[in-house]
Participant: 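First the structure, which I've put down as structure tokens, then a few questions once you've had a look.
Note that this is a predicted model, so its numbers are computed, not measured. Throughout, a chain's letter reflects where its sequence line sits, starting with A, and its residues are numbered from 1.
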2 protein chains.
Amino acid sequence: MRSTTARPANIHQARLLRLLRDLGPQSRVALGDQVELSRSKLAFEIERLLETGLVVPDGLAASRGGRRSHNVRITPALRFLGVDIGATSVDVAVTNAELDILGHQTEPLDVRDGPVAVFEQVLALVGKVRETASVEHFDGAGIGVPGPVRFPEGVPVAPPIMPGWNGFPVREAMSQELGCPVLVDNDVNLMALGEQQAGVARSVRDFLCVKLGTGIGCGIVVGGEVHRGVTGSAGDIGHIQVEPDGLRCACGNAGCLEAYFGGNALARDATAAARSGRSTELAGRLEAAGRLTAEDVSAAAGAGDAVALELIRWGGKRTGQVIAGLVSFFNPGLVVIGGGLTGLGHNLLASIRTQVYRQSLPLATGNLPIVLGELGQCAGVVGGARLISDHVFSPA
Amino acid sequence: MRSTTARPANIHQARLLRLLRDLGPQSRVALGDQVELSRSKLAFEIERLLETGLVVPDGLAASRGGRRSHNVRITPALRFLGVDIGATSVDVAVTNAELDILGHQTEPLDVRDGPVAVFEQVLALVGKVRETASVEHFDGAGIGVPGPVRFPEGVPVAPPIMPGWNGFPVREAMSQELGCPVLVDNDVNLMALGEQQAGVARSVRDFLCVKLGTGIGCGIVVGGEVHRGVTGSAGDIGHIQVEPDGLRCACGNAGCLEAYFGGNALARDATAAARSGRSTELAGRLEAAGRLTAEDVSAAAGAGDAVALELIRWGGKRTGQVIAGLVSFFNPGLVVIGGGLTGLGHNLLASIRTQVYRQSLPLATGNLPIVLGELGQCAGVVGGARLISDHVFSPA
DNA sequence: AAACTTTCTTCATTTGATGGACAAAGCCGG
DNA sequence: CCGGCTTTGTCCATCAAATGAAGAAAGTTT
């Protein structure tokens with residue numbers, strides 16, 4: 001059992017650690033090109049990092065026409081844990097200090113079982129991943145939950161789809177259990193961080209990350225930093241109105257986006273289409289499985305079912321309506337689409353794009369990529385690792 | 001003619017200048033309470049500021065039981081210019097370094113006359129205010145225009161309501177003309193800065209500032225900083241859709257907020273109500289003036305005209321619909337309502353509030369004040385002065 | 001092997017910032 | 001009016017941070 005992980009002593013060391021995390025093993029000179037420090041100072045700080053063990057030598061680099069440089073890297077012993085608790089599933093992954101995934105586990109879960117049962121399950125899964133990746137000790141964990149979080153305390157607040165979680169001290173409990181620093185955040189924020197770290201949003205400073213799953217949420221990154229809002233509920237776009245006096249929503253209002261699209265709405269509409277006989281394809285699948293999910297709609301669409309295709313197109317259109325508004329408002333440099341429903345395929349993305357480009361202002365959409373996330377299911381766990389590594393790689 | 005204004009030599013001096021700007025004359029010790037500097041260092045930096053003339057002695061403060069302190073203040077000779085060009089009017093004001101308004105002029109203007117004609121008029125007005133406030137030289141100017149701006153260059157881009165302005169080098173031209181540093185920004189951003197500086201948003205770090213005028217826009221402040229978006233069009237909420245397949249909008253789309261509310265829509269609806277005979281009150285005013293404006297609607301509502309009241313209520317409701325979405329998305333700590341249409345009175349605000357509180361998530365609205373701006377017509381010019389003073393009070 | 005490059009280390013020096021000592025200036029009670 | 005107390009302003013020795021230059025170490029090229 002190791003004692004608590006060493007921490008950088010100052011902002012320079014923190015900066016260097018993050019560079020080594022993002023760029024991999026580097027020579028001192030290469031690092032010097034990234035930071036505004038004299039070579040002496042740089043060498044000194046690296047010496048300190050070597051002393052604390054946070055950084056280790058990593059052999060010699062190829063010569064560039066002179067003396068070969070001694071590379072350094074973050075100690076490969078570091079292990080971060082990323083946990084992405086969704087409404088219906090959980091992902092757990094271990095990473096090294098460079099945020100490469102060393103082990104990944106996923107399994108179904110019902111967040112409505114409440115925090116105690118869920119954490120029992122999560123901890124079991126953590127145990128499994130720990131075993132397969134032969135990890136003893138975590139140096140930090142980033143945990144995502146499908147609802148608003150008071151970030152500084154790491155406590156969910158008034159989560160609509162997570163009854164029983166309100167006020168549950170997730171951060172404290174997990175920190176105790178895992179014996180390492182823990183940060184808790186909304187799952188969409190972690191997804192955004194993941195795509196920023198290792199996905200499609202690298203080097204973009206202002207972007208939106210829309211997660212289409214059981215619910216619909218949006219991570220907001222401003223100037224490279226996640227914007228969480230004053231109560232931690234920023235990005236909760238599932239209940240933005242898309243149709244005045246429209247369909248009744250579970251939240252009590254009418255016309256919310258989630259009343260029209262998202263995992264729940266899609267299952268509802270698909271089931272209705274199957275029952276009404278409008279889609280024999282879906283009816284067959286309903287017969288077979290007892291209930292329909294987004295995967296059934298996806299498969300039906302793939303099989304050419306017109307109703308399923310129409311459901312996807314309309315869902316994309318409704319989503320596009322909301323995103324169009326957000327794009328006009330926020331003027332991002334990129335919109336990332338992720339979450340379970342991206343399994344619905346290209347039709348969904350095309351439909352979203354069409355609606356956004358049609359409806360937002362030309363200046364805001366002129367050079368606006370709307371793309372699928374690169375990391376898929378891993379975005380959340382990578383984001384979790386990124387979140388806690390930012391924390392661990394900051395002065396104590 | 002003075003040479004160019006001195007600038008602070010480092011961030012400490014910049015910090016001190018901004019403190020003196022916001023807090024007024026202060027003693028060294030009082031300043032020391034606000035910054036994390038030793039008394040020696042603080043005294044040293046103030047000495048430097050005194051030497052450059054940016055700061056001057058300001059007499060003795062009352063004793064607090066010991067030696068009386070020597071106050072200092074920013075040199076009262078400094079003069080900032082704030083210019084707020086709206087679609088139909090322009091405001092010009094001179095301030096001192098503490099951003100108190102020393103002179104204010106306003107007059108009607110048609111931004112569609114194009115940049116050359118408009119600037120002729122603006123410069124004439126600047127001349128007038130310069131005369132009445134007996135100012136010779138400006139130390140900086142902040143200029144707001146009613147459309148998106150590429151902020152670093154100070155150039156309007158693709159402004160829908162400002163034909164002929166696209167690419168016009170406002171910053172460069174005005175800097176030349178005025179002989180001082182100039183920054184150009186969207187008018188709603190200046191309004192937000194104004195309310196943050198001297199209005200209702202003091203000490204709020206995340207807020208929205210919705211401007212209801214001829215058009216409708218929204219200033220976004222994140223972490224105390226204005227968010228302008230990647231192309232400078234952030235906050236352009238006038239063309240967010242409030243009604244799918246709704247009224248045709250001038251922008252080419254359908255169902256935009258500005259098709260339902262804003263100065264133009266209101267005048268249109270009021271005229272229609274007058275012509276159709278639904279409102280004799282409005283008909284009378286139309287007869288008298290030849291055309292109707294927001295003021296007529298306001299007056300009619302004040303006189304108890306039911307149709308006018310209804311127009312206001314519906315406008316507020318439409319606006320509230322959009323704001324509700326933004327609140328869910330952005331989770332601000334405050335929403336400020338400003339702009340010419342706030343003259344419509346309390347009914348408008350009440351209507352907006354009702355809609356937002358009804359439609360946004362409880363967590364986001366739970367403790368969310370929605371209030372009128374404090375500065376009214378002056379918000380823009382104060383924001384302009386604030387913008388440029390931030391620039392002047394930053395290291396060269 | 002000589003000349004040139006690139007990398008790493010050392011060190012004297014400069015610059016930045018601190019905190020303590022003390023003087024100046026005010027209050028208050030006797 | 002005088003001595004004790006408090007607050008403010010200034011001075012200065014000292015500590016800490018960062019730098020740039022010099023030179024040693026380790027390669028490559030000709």
Participant: Keeping the roles fixed (side chain from A:Arg205, backbone from B:Val230), state whether a donor-acceptor pair exists under 3.5 Å.
Facilitator: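 Such a contact is absent between A:Arg205 side chain and B:Val230 backbone.
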Participant: Could you check how far CD1 of A:Ile11 sits from C1' of D:dA18, rounded to whole Å?
Facilitator: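 So the two atoms are 13 Å apart, to the nearest Å.
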Participant: From CD of A:Gln26 over to P of C:dC8, roughly how many Å is that when rounded to an integer?
Facilitator: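 Taking atom P of C:dC8 as the reference, CD of A:Gln26 is at 12 Å.
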Participant: For a quick check under 3.5 Å, do B:Gln197 and B:Asp22 share a side-chain donor-acceptor pair by atom type?
Facilitator: yes
Participant: Rounding to an integer number of Å, can you tell me how far A:Leu42 CG sits from D:dA18 P?
Facilitator: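 From A:Leu42 CG to D:dA18 P: 12 Å.
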Participant: Is there a side-chain contact between B:Leu23 and B:Gln34, using heavy atoms and a 4.5 Å cut-off?
Facilitator: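 In contact.
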Participant: Considering only NZ, NE, NH1 and NH2 on the basic side and carboxylate oxygens on the acidic side, decide whether A:Asp185 and A:Arg228 come within less than 4.0 Å.
Facilitator: yes
Participant: In terms of ring plane angle, is the pair A:His227 and B:Phe330 parallel, tilted or perpendicular, where the classes change at 30° and 60°?
Facilitator: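 Parallel.
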Participant: Could you state the atom-to-atom distance from CZ of B:Phe44 to P of D:dT10 in whole Å?
Facilitator: 13 Å
Participant: Charged N to carboxylate O under 4.0 angstrom, B:Arg15 versus B:Glu45?
Facilitator: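 Judged by the 4.0 Å cut-off on N to carboxylate O distance, B:Arg15 and B:Glu45 do not form a salt bridge.
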Participant: If I take atom CG in residue A:Asp33 and atom P in nucleotide C:dC8, what distance separates them, rounded to the nearest angstrom?
Facilitator: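 It works out to 12 Å between those atoms.
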Participant: Taking CZ from B:Arg39 and C1' from D:dC12, how many angstroms apart are they, rounded to a whole number?
Facilitator: 15 Å
Participant: Enumerate all atom pairs, one protein N or O and one N or O from nucleotides 26-30 of chain D, separated by less than 3.5 Å.
Facilitator:
residue, atom, partner, partner atom, Å
D:dA26, N3, A:Arg67, N, 3.4
D:dG27, O4', A:Gly66, O, 3.3

Participant: Please produce a list of atom pairs where a protein N or O lies less than 3.5 Å from an N or O of nucleotides 14-18 of chain C.
Facilitator:
residue, atom, partner, partner atom, Å
C:dA17, OP1, B:His12, NE2, 3.3
C:dA17, OP2, B:Lys41, NZ, 2.6
C:dT18, OP2, B:Ser38, N, 3.1
C:dT18, OP2, B:Ser38, OG, 3.1

Participant: Less than 4.5 Å apart, any side-chain heavy atom of B:Ile388 and any of B:Pro181?
Facilitator: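 B:Ile388 vs B:Pro181: side chains touch.
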Participant: Check A:Arg21 with A:Asp390, please: is the shortest side-chain N to carboxylate O separation under 4.0 Å?
Facilitator: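 Looking at A:Arg21 together with A:Asp390, the answer is yes, because their closest N to O distance falls below 4.0 Å.
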